[in-house]
Amino acid sequence: MEKKEILKEFSADSDRYYKVRLFEEQGFQRKSCSKCGRYYWTLDDSRDTCPDDSDDTYSFIDNPPTSKRFDYTQAWKQVEEFFVKNNHSSVSRYPVVCRWRDDLYFTIASIVDFQRVMGSKVVFEFPANPLVVPQTCLRFKDLENVGVTGRHFSSFCMIGQHSIPNEQGYWKDECVDLDFRLLTEQFGIKKEEVVFVEDVWAGGGSFGSSLEYFVRGLELGNAVFTEFQGELGKHTTLDQKIIDMGAGLERFAWITMGTPTAYDCCFGPITNQLFEKIGIDSDSKLLSNYFTAIARNLEKYDDLLDVRKHAIKAAELTDDQLNRIITPLEGMYLIADHLRTLIFAISDGALPSNVGGGYNLRMMLRRIIGTIDRMNLKLDIDELVDVHVDYLKDTYPELDEKRQDVKTILKIESGRYTESKSRMGKIAEKLKGRGREPTVDELITLYESDGITPDYLKEINILSEIPSTFYSKLSDLHQSEKKKMIEELPLEGLSETEMLFYGDDPMEFEAKVLKVFDKFVVLDRTSFYARGGGQEPDYGTIAGFKVIDVNKHADVVVHTLEGGTPNQGDTVNCKVDSSRRLNITKNHTSTHILNSSSRSVLGSWVWQHSAFKEADHARLDITHHSSLSDSEIQAIEDKANEIVAKDMQVSIKNYDRGTAEQKYGFRIYQGGVVPVKSVRIVSIEDFDIEACGGTHVKKTKDVDLIKITRTKRIQDGVVRLEFVSGETAKEYVKEHQANQEKLKAEQAAKEERDKIRDQKKAEAREKIPVLLEQISTSQAGSATFDEIEVKTTDSGRFCFTSSEQYDEFFHLNFGKKLAKQDPKSVYCGVFESGPTIRAIVYSGEEVSITKNAGTIAKEISGILGGSGGGNATFAQGGGKDTSKKDEAIRKAKSMVLE
Ligand SMILES: [Zn+2]
Ligand SMILES: [Zn+2]
């Protein structure tokens, strides 16, 4: 639907769509802009252009239209006070990680807080009506503008003013009246300064009129009246009309402070501290001129670089001033902005990574570090985190609790970046050699596959400027990934299956067959748990046929059968495999226990990423920055079994979704979004509270035991815990123990063998004199003395042994003594020593010419793949090729004895 068409239609009947009571009471005039034709409402007789086309645009810089000055946190106090005084509930912000919508990673507008997707429809759930909320919103599309334009942030606070027109809430007249009074009464802006511009809003199948309100060209807020649905002309009025007024808190602060940029008044003391650290000698007149020129030209050029060039000229900046003042300022603003966003995101459980929404966070931290490096700054990120949190904690006390966790994550992530820099440097070198700059698509690939940011490439002069489309393209790529596939089955007209597993949960029951198609059966009621929330389905039989799968399609449970199907209309007997179910149930409760155990051991950033529960094994994937150490695994397992031993009550209670969210917070969405109005809350006392549709044991002791069998880092930022519980865990422990015992027994046997061997060797040493005596007096012919083969002939006495009972000490001593005592004798001992086979050879003076010790040792070594050394009378050698041991022994023996 074209917004332009709707606007044309609405503006043609402005009395109906735009003329509110305030305009009549105060005497606002409706005018058409002399430059662009847009319609706007004003109390200023002399005004003839819309805020975008007026000369007074951004004239609040250096000259604010209010007598009082409010910085960021003070401005919220003003807004909150005003709306609370006017019967609004002030609601705490929702997480910036949008866990209640599976099409968004981050909260991008205050209205998103209250949107819940049911099927293809978006419904609104308000915890109060009317309400205001200081909602932190994350937007990454304009990252290149941050720090440069004076008004773009990667995260900002959207003041959400929301109302449903009913007994408590209000509609257009009251809304515009409140917004006008907020500006004039609470902030003291002159009535004539406020301009309302006619506009429309359309999205998600609905649309409505809107009034944007401006002061001196700065759009402060936009009141959207979502009223219709369908195609223009054929549209109908929504059952649930909604007021969605969103205003930028940063801009409220800016307009009262009149600083050169919105950054100067929104980051608290961090800006001044950075100013001092960097030592920027700022000239406020120059800055005002420069940033006013930036602000006024931003819409006029497509490319930010042109805007910047123009502003440099308009403010008459010299190159020196640009390098000395503007460039460092931009870097400083970027650091403050990106760090604030990271603090919110990490506090709410997001981790920088290379997947999903984590991409943007990693990118921002790398930009911070890149800027610090480029400017050669000595900044302590921990200190900066403290300054931010101290400033923000009044409005957002939850940031204070997560302070340490934020620092931990930033430290780990910074370390990774430093480590990857040398690899990045090599890739960058290759790029340099190509002689052309990378395209936007190449830049995206470089970032996605190697973590190389364009800022880094700019820093090392491979890229002259970052293409303005880079960040929006990257952000689009990762926005659309979060989509789901829906399977089509012929289930129209079937009524909701009665799910007995949420009631009495009988393991045997009768049911009526409502529909049969292919191998699928739909019953009127079932106790077969349908696959969902990572819990695997029940098996069993329906009318004697095996049930091999069970799935839920909306509210209809579909059973997959094997071997045949009953007839439609039959009443059938159904049996659930209860032991399988029990095992799965134990594993499911164990998953919840492990999830919270992991969080308490590792840190608040741990969330369930996904889970899988089968009968004999299960796994839980958690968000965590690194692989788990053995001691961490042990600590998690100990914590889990401590919870088991405490025999805590597992209770299940249904809540209205809004109530559950308000009562327990968004921690309940561990297993993802719950697309129903009533939320089933499974709580293990106050240790673990989750929205969950699975089956659970009644008390934690029922799971008996939890054993983590394996852990693995499966993707950046996600660690998998494989585990078993119940009987399987006990068996695992038994098996594990049996294995341990077997290993122990083997170890003991080996030690025993070694001991005996050592004893024998010691004994052998003592035998040296006796053996010497026996061998040197032996008669001609062949004989064996204690495994030493001896051949005595006229030409000499030749001895060889490869007995295991002799060691190096024996061979050296025995051989030496024998050769000395009898110069016609030769001795060769082959033995194992560690991983090598060695030989020691002695040859007496009178036989060393024919039986050269060196030659023999060399030959043996050659066979064993090693080397030998020595002389004709004494030599040794050996090698590591143990497979050649027998061959070496044969050769040695023949060389000595034959
Ligand atoms: Zn205009
Ligand atoms: Zn669960």
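Treat the numbers as computed from the prediction; the structure is a model and nothing was measured. We count ligands from 1, going down the list as the structure has it; atoms in each ligand are counted the same way.
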Which value, rounded to 10°, describes the NE2(H592)-the Zn ion (ligand 2)-SG(C692) angle?
110°
Check ion pair R38-E198 (N to O, under 4.0 angstrom)
no
Between E614 and R580, does at least one N-O distance fall below 4.0 Å, as a salt bridge requires?
yes
Has K575 got more than 12 heavy atoms of other residues, nucleotides or ligands less than 6.0 Å from its NZ?
no
Under 2.8 Å from the Zn ion (ligand 1) - does any N, O or S atom of D52 fall there?
no
Between K8 and E5, does a salt bridge (charged side-chain N to carboxylate O under 4.0 Å, His left out) hold up when you go through it step by step?
CA-CA 5 Å; K8 212 172 129 197; E5 285 172 47; over 6 Å; no
Would R99 pass as a cation-pi partner of W607, given that its NZ or CZ must be under 6.0 Å from the six-membered ring centre and within 45 degrees of the axis?
yes
When you measure from the Zn ion (ligand 2) to the N, O or S atoms of H696, does any of those distances fall below 2.8 Å?
no
The Zn ion (ligand 1) as vertex, arms to OD2 of D53 and SG of C36: angle to 10°?
110°
Angle at the Zn ion (ligand 1) between SG of C50 and SG of C33, to 10°?
110°
